[in-house]
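Each chain gets a letter, A, B and so on, in the order its sequence line appears, and its residues count up from 1.
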4 protein chains.
Amino acid sequence: MLQSAVRIFAERGYQATTIRDIVSDADVAIGTFYFYFPDKETLFVHLYEETADFLIQTLQQAVNSRSSFPQQVKAVLQSYVSIAVFEPAVVELLLVAGVGTVPALAEKRAVFREKLVQIWQRPLSEAMDRNFVPLQNERQTAVALTGAIDQVILGMLAEADRDEIADGVVQDMTRFVLRATGHYGEQGK
Amino acid sequence: MLQSAVRIFAERGYQATTIRDIVSDADVAIGTFYFYFPDKETLFVHLYEETADFLIQTLQQAVNSRSSFPQQVKAVLQSYVSIAVFEPAVVELLLVAGVGTVPALAEKRAVFREKLVQIWQRPLSEAMDRNFVPLQNERQTAVALTGAIDQVILGMLAEADRDEIADGVVQDMTRFVLRATGHYGEQGK
Amino acid sequence: MLQSAVRIFAERGYQATTIRDIVSDADVAIGTFYFYFPDKETLFVHLYEETADFLIQTLQQAVNSRSSFPQQVKAVLQSYVSIAVFEPAVVELLLVAGVGTVPALAEKRAVFREKLVQIWQRPLSEAMDRNFVPLQNERQTAVALTGAIDQVILGMLAEADRDEIADGVVQDMTRFVLRATGHYGEQGK
Amino acid sequence: MLQSAVRIFAERGYQATTIRDIVSDADVAIGTFYFYFPDKETLFVHLYEETADFLIQTLQQAVNSRSSFPQQVKAVLQSYVSIAVFEPAVVELLLVAGVGTVPALAEKRAVFREKLVQIWQRPLSEAMDRNFVPLQNERQTAVALTGAIDQVILGMLAEADRDEIADGVVQDMTRFVLRATGHYGEQGK
DNA sequence: TATGAATGAGAATTCATTCAT
DNA sequence: TATGAATGAATTCTCATTCAT
């Protein structure tokens, strides 16, 4: 049922999704839904959190598995793009389905956005400390990077041949991030 | 009534806004709404288009009024940030209220996003032609820039002291954009 | 405006006709309608009565202009069919548009039906008195005749070539009425 | 709920009947209505068809159960009058409630009227073939008979003592039909 | 006389939620 | 655990009617 819910929410958005949509897709009765979840909102928030955790952890692991900034950037982008290709519903749910809907979600969204920012801010801070990137408002840069990448990922989801353009996207965006952070490696300081 | 509608839509999003919300805010009767607009969706799409045109034209004028790439970047950012400070509802409506709602809006949103991308892509192409920025996937860069800036603008809207931080945001983001496009001026090629 | 009203009411029926339909067809403002008529219902009842009077008087004159029963029958049918051909809206209004709608009309309808019955009952009574037709429940016969003729007239209205079949209908129905009343002339008593 | 619906529709007509009328008469909630039927129109059309089928089958069986034309006429009239006495709502629904309302019903009404005409036309054709009635436009006669009988039946419904006058109506109308078709039996050819 | 912007009661319909089984 | 018939508050939209100009 959770599988169905994620997919349907991702496809139609929170408001346009009815409980009946979900349970009929999952082939259970409406009562069954309310046996497991108190209401529609709770389910959505739950799914959002779970999905957000999955994405954040995946990206964080990508960061942790590398040591140099450029490698971290590339690893994060590869992970994110990979999820967009293989689990588009996850991305859709996080970036689209929950925008401007239930008030209870606002805080969860803020937490998710903040964690996403931290994914970028921490490696960036470290790179700044080591003088691999110039002084800058590191938080602002990190916020901007999350927006930049999400937008590109959303663009990918709209394309039919997502899997084929994935590598190009990773390459282009890796360069974008390194340029945007002013990483000296690229400019050859 | 249009004023009310923009503000309420911006505050609560399309779905959560009821006709009653709008008319009671505008202090008119429900019938009055339907005297001027055929339905809720038409009104929203109309407001979205009008608002989108306003934003796009303002940003385009900012581009046209300058000749050098860095000046164009700064002018666009100043315009955008200015709108965010003085007309936050406009930004909220365009970036949040219409996400994932009515099908009729999807196309309008796509058109708006595309125009926003063009705002950046055209100056960037020109700069690339003149060798002021390195070779790059200029469309991808432009898409990423729109995402980056929107995200930062949205962050601004969440702050109480929007007007005070506006200048800093413009400065930081100008640098971000110049770095992200690889503009040589800043790095002193 | 009355012209428009009759036509529109006849076309769409009472409920489906809006004041706006009528006034826009008559090219006047809504306010003008309410200057002349207190409300929709009053207009309809007024039109119904006027139209009913016109039909009844026309048919009554047809009766009065002839002396023998068969001639009276034929004259009434010719008049009725003629109205159906040249003023179909009149017939539509009386037989269809006002069925099962406003309570205030029920009485008017009853009066109209009764007059229609009298159109047939009076000549029939006279013919019975003179032994031109057999003894019968003359009222029942008259009621049945009105139903029979209305049904045939309604059938005519549905045909495209109303004017061409009109004569045949008059002939067939004249025979029908003479048979149905048991008029001896036809059977040659 | 179906019982309620038929009665209320019959009493007030399609347009004047609200869903609330039906459900409050049936003592269920509005949602219950929409659980069983997609909308008001569908329900009405459904009831109309079902009711029409019932009436047509009943009348057809009356025809089939007799062999001579006069007996067939009497049997049909007895059946029809009987339904009018015991199920007045059925007749009201078919003859009044659905006149000039929903477009979707127009076709169903036409089909019903045609079947009603056939009820009379078939026995009449047979009688004509056997020279029991004179040559005539048999279709026109059949159409007229349906109108005549419906009108008389509607007159019955308006009377309080329906059950007491029923037999008289059957007798009078049997004679009417036999006369109207020119059946020789009555005139003693 | 004539206008038409404004009104708001009322109708159809949706859908999250409940609860007896 | 699981069901699904039943509920009714809430929403969109219509349209007869009013009234200031």
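Atom pair A:Lys40:NZ and E:dT14:P shows a separation of 15 Å (rounding to whole Å applied). The nearest whole Å value for the distance from the CZ atom in D:Phe44 to the P atom in E:dA12 is 14 Å. Between A:Tyr36 atom OH and E:dT17 atom C1' the separation is 18 Å, expressed in whole Å. Rounded to whole Å, atom P of E:dT1 lies 13 Å from atom CZ of C:Phe37. Between the OH atom of A:Tyr14 and the C1' atom of E:dA16 there is a distance of 9 Å, rounded to whole Å. One atom, CD1 of B:Ile22, and another, C1' of F:dC13, lie 14 Å apart when rounded to the nearest Å. Rounded to an integer number of Å, the gap from A:Phe35 CZ to F:dT3 P is 11 Å. As a whole-Å value, the separation of B:Ile30 CD1 from F:dA16 P is 18 Å.
Interatomic distance, CD of C:Glu11 versus CG of C:Asp21, reported as 9.5 Å (0.5 Å rounding). The distance from atom CZ of C:Arg7 to atom CG of C:Leu47, rounded to the nearest 0.5 Å, is 12.5 Å. Residue B:Phe37 holds its CZ atom at 5.0 Å from CE of B:Met1, rounded to the nearest 0.5 Å. The CZ atom of C:Phe112 sits 4.5 Å away from the CG atom of C:Leu94 when rounded to the nearest 0.5 Å.
Residue-level contact check: C:Thr18 touches the backbone only, with heavy atoms under 4.0 Å from sugar-phosphate atoms and none from bases. D:Thr17 comes within contact range of the sugar-phosphate backbone alone, with a heavy-atom separation under 4.0 Å but no base atom that close.
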Run the salt bridge (Lys or Arg N to Asp or Glu O under 4.0 Å) check on B:Asp150 and B:Arg113 step by step: do they pass? CA-CA 11 Å; B:Asp150 287 350; B:Arg113 297 305 312 180; 2.8 Å; yes
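In this structure, B:Gln15 and C:Ile19 both approach DNA chain F, and ranking their closest nucleotides by distance from the 5' end singles out B:Gln15. Comparing C:Thr32 and A:Ala16, the nucleotide of DNA chain E nearest to each residue sits closer to the 5' end for C:Thr32. Of the two residues contacting DNA chain E, namely D:Pro38 and B:Arg20, the nearest-nucleotide position lying further toward the 5' end is that of B:Arg20. Residues D:Phe33 and B:Phe33 each lie close to DNA chain F; by heavy-atom proximity, the contact nearer the 5' end of the strand is made by D:Phe33.
Nearest nucleotide to the side chain of A:Asp39, out of E:dT17, F:dT3, F:dT17: E:dT17. Nearest to the side-chain atoms of C:Ala29 among the listed nucleotides F:dT7, E:dG4, F:dG4 stands E:dG4.
Note on A:Tyr34: a side-chain N or O is less than 4.0 Å away from OP1 or OP2 of E:dT17.
When Watson-Crick and G-U wobble pairs are counted only if both distances are under 3.5 Å, F:dC15 pairs with E:dG8. In a base pair of the Watson-Crick type (N1 to N3 plus N6-O4 or O6-N4) or a G-U wobble (N1-O2 and O6-N3), with each distance short of 3.5 Å, E:dT21 is matched with F:dA2.
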